[in-house]
Amino acid sequence: MREPTRVLLADDHTLVRRGVRLILEGEPDLTVVAEAGDGAEAVELARAREIDLAVLDIAMPRMTGLQAARELSRRLPDLRILILTMYDNEQYFFEALKAGASGYVLKSVADRDLVEACRAAVRDESFVYPGAERALVRSYLDRLHRGDDLPRRAVTEREEEILKLVAEGHTTKEIGELLFISAKTVERHRANLLHKLGMRDRLELTRYAIRAGLIDP
């Protein structure tokens with residue numbers, strides 16, 4: 001008999017993790033072996049433990065689920081990744097796929113869809129929550145018909161990491177230590193962000209980070 005799929009859960013809300021764990025551990029082929037409260041911890045645990053599948057929330061402290069997915073895809077290419085989120089958002093969906101996720105599941109229907117999504121990911125198949133399929137395909141075809149590109153990122157991955165940490169109130173020194181870069185490099189990225197986004201200070205960057213779903217309001 002095949003060993004159960006070893007799952008890592010990452011969500012900054014303990015009650016959410018507890019509920020998701022109950023859903024998954026009711027199945028004989030799935031077992032939760034690690035839990036993380038933010039994206040950075042999820043990356044650390046996935047690298048330290050034997051994990052088959054990471055289930056990541058999008059909006060988390062220090063590192064979002066999308067940022068963690070990008071990092072995990074680079075470092076652990078065999079790891080399967082699912083995004084579990086409250087955001088029914090086309091932009092996030094495409095970003096999740098680009099980040100290496102196999103599926104995108106809404107928390108509101110996790111009790112219905114999550115187990116199926118986990119099994120699909122293990123089979124190396126994609127999963128999209130049923131209600132989104134038609135709308136996403138129609139939107140994609142409309143873009144192609146108009147000759148448009150897929151949604152583009154307003155900022156680079158590194159700028160996004162720094163934007164999130166700035167919005168969370170970390171100092172330049174703390175950001176440099178978290179990202180293993182110099183304070184001078186942090187300041188340069190921060191200046192680029194302000195210029196690129198047409199903003200003046202940390203407050204405006206924080207508002208932008210909230211709108212972009214990088215931090216909770």
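Given the structure is predicted, the values throughout are model-derived calculations rather than measurements. As a basis for the values below, the full set of heavy atoms in this structure was taken, side chains included, without hydrogen atoms, waters or symmetry mates.
Under the side chain to side chain donor-acceptor pair (under 3.5 Å) criterion, Arg74 pairs with Glu71, Glu157, sequence neighbours left out.
Residues Ala121 and Ser102 share a closest heavy-atom pair of CB-CB, 3.9 Å. Of all heavy-atom pairs spanning Leu53 and Leu79, the tightest one is N-CD1, 3.7 Å.
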Side-chain polar contacts of residues 185-192 - donor-acceptor pairs under 3.5 angstrom, sequence neighbours left out - could you list them?
from   : atom 1 : to     : atom 2 : distance (Å)
Thr185 : OG1    : Ser182 : OG     : 2.8
Glu187 : OE2    : Thr172 : OG1    : 2.7
Asn192 : ND2    : Arg188 : O      : 3.4

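One finds the CG atom of Leu8 at 15.0 Å from the CZ atom of Arg80 (value rounded to the nearest 0.5 Å).
Salt-bridge formation is detected for the pair Arg119/Glu27: a Lys NZ or Arg NE/NH1/NH2 atom is positioned less than 4.0 Å from an Asp or Glu carboxylate oxygen. Checked for salt-bridge contact, Glu160 and Lys164 miss the test: no charged N lies under 4.0 Å from a carboxylate O. Comment: Arg207 does not engage Glu204 in a salt bridge, judged by the lack of any side-chain N to carboxylate O separation of less than 4.0 angstrom.
Counting heavy-atom neighbours within 6.0 Å of Arg202 CZ, excluding the residue itself, gives a total above 12.
Each of Glu174, His170, Arg158 was scored for a side chain to side chain contact (heavy atoms under 4.5 Å, CB included) with Leu179, with one residue passing: Arg158.
Within the structure, salt bridge (Lys or Arg N to Asp or Glu O under 4.0 Å) pairs that include any residue of residues 13-26 comprise Arg17-Glu35, Arg21-Glu25, Arg21-Glu35 (at least two apart or interchain).
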Step-by-step side-chain contact (heavy atoms from CB on, under 4.5 Å) determination, Leu30 to Val115
CA-CA 8 Å; Leu30 300 169; Val115 170; 4.2 Å; yes
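Using modelled atom types, one side-chain atom of Ser73 and one backbone atom of Ala99 make a donor-acceptor pair closer than 3.5 Å.
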